[in-house]
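In what follows, every heavy atom counts, from backbone to side chain, and hydrogens, waters and symmetry copies are set aside.
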Amino acid sequence: MPSDSALRIVWIYPDLLSTYGDQGNVLVLEQRAQRRGIETETIHVRSADPVPESGDIYLIGGGEDRPQILAAERLRKDGGVHRAIARGAAMLAVCAGYQIMGSTFGGEEGQPVDGIGVLDIASSRGPSRAVGELVAEVDAELGLPTLTGFENHMGVTRLGPGVKALSRTTVGVGNGDGFEGCYAGHIVGTYLHGPALARNPALADLLLSWRAGDLAPLDDTRYEQLRRERLAAVLGS
């Protein structure tokens, strides 16, 4: 178990939900915390294990239909995510993990499957698969630069009044309504792979700040150069 002094990062169900390099989100959080002298301890929670409620930042990634359904079933029974969020933990939920956090999502045949209900969203299968680069402008309240990432999903996600859209899409599909992802409290949901935090380090810092407080600045010159090059390539400018 992690010590009381370390920032506790909990990676949920890597044996079920870890496509498109989403585990890289864990590595980015560890690195950006440690570069600031913040000690971290990471717990990898396999699907047969209980989800600890004492973590600081929880991460859950994407996956195929059957693993997603199994993950939702086990998380509903476990209840650890609900207890952690109630304690004030932060979370980044990606793609299938994003859908699981809502009330329902589309199963293998498009049938509704119960999520765990920590986000006021509902997802279903869309008419076609969204595949490719995604660029989105973040809600001004969060103070983040343009997000970039890769999406590969058939989900359409409807936001309820309990959440706000994370960003407005410039390129790509996202939720399917001109917006991408959502946030509420210290929870962020998104369809962005890449992994998301490697391509958007400012988002990683936002998650860290929610649990570690004000952060010392880092020299992100190289990150920013790569981000601008990627944006230029996607936008054709």
Nearest heavy atoms of Asp78 and Val51, plus distance in Å: OD1-N, 3.2 Å
Ser167 versus Glu137, side-chain donor and acceptor atoms under 3.5 Å: no
CZ on Arg36 to CG on Leu208, rounded to 0.5 Å: 6.5 Å
Val81 vs Met91, side-chain contact (heavy atoms from CB on, under 4.5 Å): CA-CA, chis, key distance, verdict: CA-CA 9 Å; Val81 169; Met91 168 174 274; 3.8 Å; yes
Residue pair Leu207 / Arg32, side-chain heavy-atom distance below 4.5 Å: no
Side-chain (Arg8) to main-chain (Ser54) donor-acceptor, under 3.5 angstrom: yes
Backbone N/O of Thr148 and side chain of Asn200: donor-acceptor pair under 3.5 Å: yes
Full working for side-chain contact (heavy atoms from CB on, under 4.5 Å) between Thr221 and Glu224: CA-CA 5 Å; Thr221 303; Glu224 182 61 19; 5.9 Å; no
Test item: Arg74 side-chain N/O and Asp49 main-chain N/O as donor-acceptor pair under 3.5 Å: no
Euclidean distance, Ile100 CD1 relative to Leu119 CG, rounded to 0.5 Å: 11.5 Å
Student check: side-chain heavy atoms of Asn175 and Tyr98 closer than 4.5 Å: yes
Val234 side chain reached by Thr170 side chain, heavy atoms, under 4.5 Å: no
Short side-chain to backbone donor-acceptor contact, Arg199 and Leu147, under 3.5 Å: no
Glu30/Leu27 under side-chain contact (heavy atoms from CB on, under 4.5 Å): CA gap, chis, key distance, verdict: CA-CA 5 Å; Glu30 290 173 340; Leu27 301 178; 3.6 Å; yes
Side-chain touch Ser124/Thr104, heavy atoms, less than 4.5 angstrom: no
Salt-bridge contact Arg76-Glu73 (side-chain N to carboxylate O under 4.0 Å): no
Pairwise distance CD1(Ile60) to CG(Leu16) - rounded to 0.5 angstrom: 9.0 Å
His193 and Val94, any side-chain heavy atoms less than 4.5 Å apart: yes
Backbone N/O of Ile116 and side chain of His82: donor-acceptor pair under 3.5 Å: yes
Transitive ILVMFWY side-chain link Leu144 to Tyr223, under 4.5 Å: no
Short side-chain to backbone donor-acceptor contact, Glu141 and Asp139, under 3.5 Å: no
Glu151 versus Tyr20, side-chain donor and acceptor atoms under 3.5 Å: no
Atom of Gly126, atom of Val156 and distance for their closest heavy-atom approach: CA-CG2, 3.4 Å
Side chains of Thr40 and Gln34, donor plus acceptor under 3.5 Å: yes
Taking every non-hydrogen atom, the tightest pair across Leu215 and Asp205: CD1-O, 3.3 Å
Intermediate values then yes/no, side-chain contact (heavy atoms from CB on, under 4.5 Å), Val171 and Leu235: CA-CA 8 Å; Val171 175; Leu235 297 175; 3.6 Å; yes
Rounded distance (nearest 0.5 Å) linking atom CD1 of Ile69 with atom CG of Asp114: 11.0 Å
Gly61 backbone acceptor or donor facing Asp22 side chain under 3.5 Å: no
Any donor-acceptor N/O pair, Gln99 side chain to Ser123 backbone, under 3.5 Å: no
Connected via hydrophobic side-chain network under 4.5 Å: Val135 and Phe179: no
same_hphob_cluster(Trp210, Val138) at 4.5 Å side-chain heavy-atom cutoff: yes
Main-chain N/O of Glu180 paired to Thr169 side chain as donor or acceptor, under 3.5 Å: no
Cluster check Ile43, Tyr13: I/L/V/M/F/W/Y, side chain < 4.5 angstrom: yes
Leu17 CG to Glu64 CD distance, which is reported to the nearest 0.5 Å: 10.0 Å
Residue pair Trp11 / Ser18, side-chain heavy-atom distance below 4.5 Å: yes
Check: Leu7 and Leu29 side chains under 4.5 Å, non-hydrogen atoms: no
Greater than 12 external heavy atoms within 6.0 Å of Arg46's CZ: no
Pairwise side-chain contact, Val131 with Phe150, heavy-atom cut-off 4.5 Å (strictly under): yes
Thr190 OG1 to Leu203 CG distance, which is reported to the nearest 0.5 Å: 7.5 Å
same_hphob_cluster(Leu226, Leu134) at 4.5 Å side-chain heavy-atom cutoff: no
Neighbour count above 12 (heavy atom, 6.0 Å) for Arg83 CZ: yes
Heavy-atom closest contact (Ser103 atom, Ala122 atom, distance): OG-CB, 3.6 Å
Closest non-hydrogen atom pair, Ala93 against Met101: CB-CG, 3.7 Å
Exercise: identify the closest heavy-atom pair between Lys164 and Leu159: C-CD1, 4.2 Å
Within 6.0 angstrom of Glu229 CD, more than 12 heavy atoms from elsewhere: yes
CA sep, side-chain torsions, deciding dist, call: Asp219, Arg35, salt bridge (Lys or Arg N to Asp or Glu O under 4.0 Å): CA-CA 10 Å; Asp219 182 0; Arg35 286 173 63 190; over 6 Å; no
Main-chain N/O of Glu53 paired to Arg87 side chain as donor or acceptor, under 3.5 Å: yes
